[in-house]
Amino acid sequence: MAEQRLYHRPALTLDTRLRRSAFRRLYTSGSPVSVAALAADAGAGVDESRATVADMDARGVIRVDRDGMVIGSWGLSVLPDRHELWIGERRFWTWCAMDAAGILGALAADGRIRSRSPLSGATVEVRFRAGRPEPTAAAVFLAERAPCASVYEDWCSLVNLFEDATAAASWVERTGSAGACTAMDEVTRRAAGTWRPLVAGLTAAERVDAASGLTERAGFAGSLFVVRYLPAAPVGLALVVCPPILADQAVHYRREVLLARALGARGIEVVRFHPRGTGNSHGDPLETTFETLVADARAAAGLVQADRAAFLGTRVGALVAAAAHPGAPLVLWDAIDGGDFWREAFRARRIRGLVDGGAGHGGSVDDAEAQLESVGSVDVLGYHVGRPLYESVRSRTLAGELGAAERRLLRLDGGGRWWFNPDPGLEEVQHVADLIAAWLPS
Amino acid sequence: MSGAQSWPEEVVFIRSRGSDLFGVLTQPAGEPEETAVLLLSGAAEAASFGRNQVRARLARRFADLGFPAMRVDYPGAGESTGRAPEARLDEGSILPLVEDAAAVAGWLRERGSRRLVVAGSCLGSRVALTCAGRVPDVGGLVLVTPPVHDYDHRRMPESGGPQGRFVELMRDAVDAGLPVLLVYGRPDRFATDFELARRGELGDLLRTAGDLVTVAMLDHAVYDFPNTAGQDAVVEAAAAWLRTHAPRFGRSPCPSGQEGGDPLLRLQDLLDG
C-alpha cells in the first residue's frame with residue numbers, strides 16, 4: 001500500500017514534546033502556559049501530561065508555579081530568574097548563562113544578557129547583534145556534568161557569567177567547582193545548536209523589495225507554510241490566494257508568486273499558503289480533504305491585516321476559495337468542478353502510463369477508482385492521493401460552493417496558455433494584477 | 001508566526017548574485033551533526049520542495065538522522081527572486097548556480113555547519129558535482145539521475161556515451177576523496193546513458209574509486225520523480241547512504257586543549273538524563 005511507504009518521523013517522547021511545546025509557547029506569548037495547552041500540542045491526555053510535567057519539575061528540567069502553570073522550559077523563563085535576557089525589546093529570564101547565549105544565538109537576534117558576577121556581585125552585561133556577542137571580556141563558567149537531582153538547582157546555578165576569565169578563575173579557586181571557563185562567542189556558537197530546533201519556525205524570513213517597498217514575510221503558522229505580502233502603502237484591501245492541488249500546484253506556482261508581488265506593489269495585501277501535506281507545509285497528504293483545504297484557507301485568511309479581504313482560487317482552489325468565506329468577493333481562475341478535475345487527472349495518469357510504458361502509471365479511470373477503494377490511495381502523476389481527498393472533492397461543483405448568496409465574482413480563464421507556461425512573463429502577470437486591482441475596490 | 005511543526009524548520013532569504021534565494025532549513029530535533037546537506041532540485045521543478053514534497057521529505061528524513069538539511073529555490077523559481085536558470089549543463093550555465101550554492105554554504109557555515117553534503121537531482125546533480133572543489137567544505141555528493149551528457153533541454157541528444165564534462169568532474173570528486181552516491185532509475189533514459197558510459201572511461205574510474213562511489217540502480221523511474229514508489233526509493237537510498245558514509249565526510253578537529261573531551265556540556269543530554 002502506498003501509504004505504508006510514506007515516511008513518518010519517529011515519535012519524540014512525551015516529556016520532550018511537552019518541554020518543546022512549553023518553550024515555544026513561553027517564547028511566543030511571554031506568559032505562563034497551562035499543562036492542558038501543552039497536552040493538546042503533544043497530542044496527549046491532560047492527566048498523563050500533568051504527571052509528566054510534575055516529574056520534570058522535580059528533576060529541574062521544567063519550572064511550574066504554585067498554580068500549576070508552566071513558567072520555564074529549556075532554560076527560558078517568563079518570570080524573573082537568575083539571568084535577564086532581552087530579545088530585541090522583549091524581556092525574559094534564563095536559568096543559566098549558557099541558556100541565554102544559546103537562545104540569542106539560535107534566534108540570530110539582537111539583544112543582551114544582564115547578570116550578576118558570583119564573585120563580585122557586579123552587573124555583567126553582554127550585548128548581541130544578529131545572534132553574536134559583541135566583543136567582550138565576559139566569560140561563562142561551564143560546570144562539569146555530573147549526576148544530579150535537579151538540573152535547575154544543581155547544575156544551572158553553577159553556570160554563570162563573569163566579568164572576565166580571571167574573575168571566573170578566582171571563583172573556581174574559592175568554591176572548588178569543577179568545569180571550564182569559556183569565552184562568550186564560543187559558548188554562543190556551540191550552545192546555539194541546542195536551541196535551533198526549538199526556535200525553528202518561530203521567526204519569519206523577510207525581504208523588502210527595493211523598488212516597491214513591499215515586505216514579503218515567509219514562515220510557518222502552525223503547520224502551514226504562509227507568505228504574507230505587506231505593501232509599503234496599503235490601500236486597505238487584501239487577497240487570500242488558494243492554490244490548486246497536486247500537479248496543478250506546481251504548474252501555477254510561479255504565477256501566484258509573481259501575482260502576489262505585483263498586487264503588493266499596488267498596495268494590496270496578499271496572503272499565500274500551502275495547504276497541509278503539500279509544498280513546504282507539514283502534515284500527511286493522505287489525510288488531506290476538501291474540508292482541510294478550506295480550514296487552511298480560513299487559517300491563512302486569519303492573518304490578514306486589512307479591513308476587507310477577497311479570495312482568489314485556481315482550478316480546485318477556486319472551489320476552496322468559494323467555500324472559505326461565503327459572501328466574500330471572489331476571483332476564479334481556471335475554475336474546475338471536482339468530478340471534472342479527477343477525470344482530467346486520471347486521464348493524464350493513463351496517458352503518462354502509456355507514454356512511459358511502465359514508469360509507474362497507467363490504468364483506466366475505473367482502475368484508479370478501484371485502487372482507491374481497495375488500497376485507500378493511488379499515485380496520480382507522482383502525487384499521493386488518498387481516498388478522503390478523492391471522495392471529498394469528487395462531488396464538489398463551483399455552483400454548489402458559490403451557493404445562492406449574492407457575491408462579487410471576477411472570472412479569469414487562462415486556458416492552455418497558462419497550462420503550458422508555468423513561468424509566465426511579467427507582462428502577463430502585470431496585466432492580471434491590473435485587472436484585479438481595478439476590480440477589488442468597487 | 002509560530003506553532004507546532006512536525007519537524008523544526010526555519011525559513012530564510014539568502015542574497016546571491018542580486019537575487020534573494022528562498023530556503024528552508026530542516027533541523028534535527030536533537031543536537032545537529034556538523035555536516036549539513038544542501039538539496040538542489042531539477043530544472044523542471046516549480047520549487048525546491050519537489051513533486052509530492054519529495055525534497056521536503058528528503059530533508060526531513062536527513063534531519064531525523066541528525067543532519068540539518070537545506071532546500072533552496074533557484075533564482076526565478078519558487079519563492080526566490082531573479083531570473084530562472086537555463087536548463088543547460090555547460091559550464092557557463094552551471095557556474096552561476098554553483099555561486100548560489102556557495103552563498104548558501106556560507107550561510108550554513110555561519111550557523112555552525114563544518115561540512116557539506118550536496119545532494120541534487122538532474123540539473124541539481126550536475127550543480128552538486130561542480131560544487132566539489134569550488135565550494136569550501138564539500139564532503140560528499142548525492143547525485144540523483146545525473147546526465148552524462150552536457151545536454152540542452154531544448155535539444156536532447158539521442159542516448160549514447162558521455163559528452164562533455166561529466167567524467168572529468170567525477171574524476172575531480174574521486175581524486176578529492178569525496179564519497180559519492182549515484183542514483184538512477186532503471187526505466188530512465190539517463191540510466192541507459194550511464195550504463196553506456198560505464199563501458200568506457202567512466203567504468204574505469206568507478207573501478208578505481210572502489211567503495212568511494214556507490215551506484216544505486218533503482219527499479220522505478222526516478223527522473224523528475226514521476227511516481228511515488230520511485231520517490232520513496234530515492235529517499236531511502238539517500239538516507240541509507242548518508243547514515244553509512246557519515247564518518248567519511250570528515251569532522252572538524254577539536255579546538256585545541258579539548259582533545260580529552262568536550263567540556264561544554266551537551267545540555268540536551270543533561271536534560272534527558
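Chain letters run A, B, ... following the sequence lines, proteins first and then strands; every chain starts at 1.
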Give, as side chain, backbone, both or neither, the part of [X] having an atom under 4.5 angstrom from any heavy atom of chain B.
X	result
T278(A)	backbone
Y27(A)	neither
A106(A)	backbone
R261(A)	side chain

Hey, could you give me the CZ/CG distance between R352(A) and N227(B), rounded to the nearest 0.5 Å?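 Atom-to-atom, R352(A):CZ and N227(B):CG are 9.5 Å apart.
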
Gap between atom OH of Y383(A) and atom CD of Q231(B) - 0.5 Å precision: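 If I round to the nearest 0.5 Å, the distance is 8.5 Å.
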
At their closest point, which heavy atom of [X] faces which heavy atom of [Y], and how far apart are they?
X	Y	answer
D20(B)	R207(A)	OD2-NE, 2.7 Å
P32(B)	G193(A)	CD-O, 3.5 Å
P197(A)	P8(B)	O-CB, 3.0 Å
Q53(B)	S281(A)	NE2-O, 3.0 Å
R254(A)	G78(B)	NH1-O, 2.7 Å
A205(A)	V11(B)	CB-O, 3.1 Å

Please check if the number of heavy atoms outside R83(B) that lie under 6.0 Å from its CZ is greater than 12.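 No - once you tally the heavy atoms of other residues, nucleotides and ligands closer than 6.0 Å, there are 12 at most.
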
Donor-acceptor pair, distance only, cut-off 3.5 Å: does the side chain of [X] make one with the backbone of [Y]?
X	Y	answer
R189(A)	G112(B)	no
D379(A)	T228(B)	yes
R196(A)	R111(B)	yes
R51(B)	L381(A)	yes

Chain A heavy atoms under 4.5 Å from S80(B): which part of the residue, side chain, backbone, both or neither?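 Backbone only.
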
Can you tell which part of T26(B) gets under 4.5 Å to a heavy atom of chain A, answering side chain, backbone, both or neither?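 For T26(B), no heavy atom lies under 4.5 Å from chain A.
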
Could you tell me whether the side chain of [Y] reaches within less than 4.5 Å of the side chain of [X], counting heavy atoms only?
X	Y	answer
E9(B)	N280(A)	no
R132(A)	E110(B)	yes
F22(B)	E216(A)	no

Passes side chain to side chain contact (heavy atoms under 4.5 Å, CB included), E206(A) versus F13(B)? Steps please. CA-CA 7 Å; E206(A) 193 169 286; F13(B) 285 108; 5.8 Å; no

